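Report on the following structure.
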Amino acid sequence: MKVITRFAPSPTGHLHLGGARTAIFNWLFTRHYQGKFYLRIEDTDTLRSRQEYTDSILASMNWLGLDWDDEPVYQSQRFDLYNQYVDRLLESGHAYWCSCSPEEVEKMREEARAKGEKPKYNGCCRERGLRPSPGNPEKMVVRLRAPQTGVTVLNDMVKGEVVFNNSELDDMVLRRPDGAPTYNMAVVVDDIEMGMTHVIRGDDHVSNTPKQILIYQALGADLPVFGHVPMILGPDKQKLSKRHGATAVIDYEKEGLLPEALVNYLTLLGWSHGNDEFFTLEQLVKEFANGKLNPSPSAFDPEKLAWLNHEHMKTRTAQDLADLTVPFIKDLGLPVPGNLTALVEMLRERAPTLKDLAAAMTFMLVNADELEYDPKALEKVLSPESRQYISALQSRFSELSSFDESSLHEELHGYVEANGLKFKQVGPPLRVALVGALTGPDLCRIMSLLGKEQTLARLTRFQQS
RNA sequence: GACCCCAUCGUCUAGUCGGCCCAGGACACCAGUCUUUCACAUUGGUAACAGGGGUUCAAAUCCCCUUGGGGUCGCCA
């Protein structure tokens, strides 16, 4: 099957989760059929569009691993093209000039609203045959002469057939007084010019679709196949917004998520393949067409994302994770240790994200005097006896010629048994001395990775507490 | 307000064009096991077809209504 698609963000903000998801679906669909996937920057609103957002969006696409074909197309550079199409419509009688002011149109809408009807332009310039005159060329817009009866049918990839009454639609503006195209006009022209076979976009565009279909028809152009993917909602089932926390892809990068995990999770929101949940990018490309698109909106669940991220982290080597964690360690203002890979191996199972992994490492990277004791934990284990145990262990450990895990293990348990103690009398205070808390990885492993000097320093500090 | 869309455990979902589903998986949650603690792993458990009408021998699956949620009504995109 021939497939040409696009992702068309407007650079008025960072790439957010909803946008990322539609980009992912387009990309997956296209790569599956080995078609072309284009990027189009919809920057016709020069006031709100910013270059830095374009850069940010492209960076997020790259981070997610979504590559595109050819150079991105910028709508702001194609006004001449759009106007050629508008002129064609004017010549064929499918469009006309309108001199109504925005205020007048707003009044029409209010009147319609008052009557309980759909607010729309009343078509008063339709038959006036206006032409731009030297007197006031700037004041006029061009409107589509839309059919006022009948229906417009959308055959949607995910929703099936959706029928709109043409009486619901009005004669939309195609060109503004300053010669700039409106959104629907520019989109249709570009989708025709770029040869789009499939238009996959967010559900919020369904009501634009009949308007666009009318433009295609006026132009005598073939329709692409439309596919409207459901919205992503917040955990509370309300529209996803800033108050739900991170909504931009870049935020998740900063949170230490793996891009393949985010892609995997976002794909699962609205797409399913039986009971399968874990997919690599390659598997997603392979299976995408065999899955099912779900028409109902879904809630974003950060906890499941974290779980899935952990699953993806399990497939990475410790060396990989170590490299990826470096920036997060630096963010914490901690030194990057020489045995980072070994630390990753010790701590990876308890950190669902790279950021968590770096944070989990904190106790290993600070100096004995900087180690933070959890007050409750300290209170629980601190006693004359426990100080004595730690003191005894310290002298035993200091005589060790080899500070490896098994020697330490032997020494530790040797001490416990020789003195008729129970491990839980000695273990907890030792753990607090080393970690500052009552939980954590294996004690002997910690000590061997900490090294003799650092271990003994921590035991000293504990006794002084 | 008008138009459009959606509706299975708290959440994401499975449910091969009605029967094998008194509904399966996953996240989260709870409990057991493992373990020097925590975590991991593992085993088990709680938990859903929004409501009401039809159609049918048979409905989570088809139709209608109600309710709830979402989207859109710009010379923004």
Side-chain angles (χ1 to χ4, degrees), chain A residues 8-12 42-45 47-49 75 98 100-102 105-106 109 112-121 140-143 154 156 158-160 162-165 167-170 172-178 180-184 186-187 202-211 228 230-231 233 235-239 265 268-278 292 294-308 310 314 347-351 360 377 409 412-413 416 422-428 430-432 435 437-444:
Chain A
S10 74
T12 53
E42 310 219 315
D43 56 351
T44 52
D45 184 343
L47 279 178
R48 294 198 304 149
S49 298
Q75 286 192 323
C98 166
C100 297
S101 69
V105 176
E106 183 48 43
R109 292 202 187 93
R113 233 188 295 261
K115 281 190 280 182
E117 289 166 8
K118 187 130 181 163
K120 54 183 201 179
Y121 171 68
M140 300 217 278
V141 300
V142 176
R143 287 182 182 275
L154 158 63
D156 197 272
V158 349
K159 294 185 175 311
V162 184
V163 180
F164 298 88
N165 262 310
S167 60
E168 292 293 324
L169 279 16
D170 67 358
M172 77 191 100
V173 172
L174 303 177
R175 176 159 74 189
R176 303 185 184 105
D178 64 359
T182 56
Y183 166 75
N184 285 122
V187 165
D203 215 350
D204 48 339
H205 283 290
V206 285
S207 53
N208 275 323
T209 308
K211 302 179 190 176
H228 290 91
M231 304 274 87
L233 275 21
D236 55 358
K237 285 283 199 173
Q238 297 298 113
K239 188 177 182 177
Y265 179 72
L268 256 21
L269 253 32
W271 178 86
S272 61
H273 185 267
N275 279 331
D276 302 333
E277 300 203 289
F278 182 93
K292 166 189 152 191
N294 189 325
S296 61
S298 46
F300 180 81
D301 180 5
E303 287 185 326
K304 184 140 188 180
L305 206 210
W307 169 77
L308 201 51
H310 204 2
K314 287 175 186 169
L347 296 162
R348 59 184 301 172
E349 72 193 23
R350 58 192 70 226
H409 194 269
L412 176 58
H413 287 272
V416 170
K422 292 198 166 149
F423 193 86
K424 61 179 178 188
Q425 293 175 275
V426 181
L430 178 57
R431 183 171 294 284
V432 172
V435 181
L438 285 164
T439 62
D442 181 81
L443 293 167
C444 298

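It should be emphasised that the depicted structure is a prediction, and the values quoted were computed from it without experimental measurement. Values below: every heavy atom of this structure, side chains too, minus hydrogens, waters and symmetry copies. Every chain is numbered from 1 and lettered A, B, ... according to where its sequence line falls, protein lines coming before strand lines.
By the salt bridge (charged side-chain N to carboxylate O under 4.0 Å, His left out) test, A:D236 is found to be paired with A:R243, residues two or more places apart in sequence or in another chain being considered. For A:D45, the salt bridge (charged side-chain N to carboxylate O under 4.0 Å, His left out) partners two or more places apart in sequence, or in a different chain, are A:R48. Residues satisfying the side chain to side chain contact (heavy atoms under 4.5 Å, CB included) test with A:K118, not counting sequence neighbours, are A:E168. Partners of A:P295 by side chain to side chain contact (heavy atoms under 4.5 Å, CB included), not counting sequence neighbours, listed by chain and number: A:V158. By the salt bridge (charged side-chain N to carboxylate O under 4.0 Å, His left out) test, A:R113 is found to be paired with A:E106, residues two or more places apart in sequence or in another chain being considered. By the salt bridge (charged side-chain N to carboxylate O under 4.0 Å, His left out) test, A:K314 pairs with A:E311, sequence neighbours left out. Contacts of A:Y183 classified as ring-ring contact (aromatic ring centres under 6.0 Å, His included), with partners at least two apart in sequence or in another chain: A:H205. For A:H413, the side chain to side chain contact (heavy atoms under 4.5 Å, CB included) criterion is met by A:H409, A:E417, A:F423, not counting sequence neighbours. Considering only residues two or more places apart in sequence or on other chains, A:K239 meets the side chain to side chain donor-acceptor pair (under 3.5 Å) condition with none of them.
Across the P atoms, B:A14 and B:U8 are found 10 Å apart, a figure rounded to whole Å. Only the C1' atoms considered, B:A47 is 15 Å distant from B:A31, to the nearest whole Å.
Between A:V158 and A:L305, the one whose closest nucleotide on RNA chain B sits nearer the 5' end is A:V158. Mapped onto RNA chain B by nearest heavy atom, A:P102 and A:N165 fall at different nucleotides, with A:N165 at the one closer to the 5' end.
Residue contacts shown for A:K239 are limited to sugar-phosphate atoms, with no base heavy atom under 4.0 Å away. Within 4.0 Å of A:P295, counting heavy atoms only, lie sugar-phosphate atoms of the nucleic acid but no base atom. Residue contacts for A:C444: at a heavy-atom cut-off of 4.0 Å it reaches no nucleic acid atom on any strand shown.
With a 4.5 Å cut-off on side-chain heavy atoms, A:T182 and A:M172 do not count as touching. Side-chain atoms of A:H228 and A:L154, non-hydrogen and from C-beta on, do get closer than 4.5 Å to each other.
Comparing B:C75, B:A77, B:G70 by their closest approach to the side chain of A:R109 singles out B:C75.
Taking side-chain N and O atoms only, A:S207 has no distance below 4.0 Å to OP1 or OP2 of B:G71. For A:Q238, no side-chain nitrogen or oxygen approaches OP1 or OP2 of B:G69 to under 4.0 Å.
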Please tabulate the protein-to-nucleotide N/O contacts below 3.5 Å involving nucleotides 48-51 of chain B, giving atom names and distances.
none

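Between the side chain of A:N208 and the base of B:A77 there is at least one donor-acceptor pair of N/O atoms closer than 3.5 Å.
Base pairing of B:G68: its partner is B:C6, meeting the Watson-Crick or G-U wobble criterion (both donor-acceptor distances under 3.5 Å). Partner assigned to B:A60 is none, using Watson-Crick or G-U wobble distances below 3.5 angstrom.
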For this session: Go along nucleotides 10-16 of chain B 5' to 3' and tag each nucleotide: B for a protein heavy atom under 4.0 Å from its base, S when only backbone or sugar atoms are that close, - otherwise.
Result: -SBSSS-
Seminar exercise, completed: For nucleotides 37-46 of chain B, 5' to 3', base contacts (B), sugar-phosphate-only contacts (S) and non-contacts (-) with protein non-hydrogen atoms under 4.0 Å give BBBSS-----
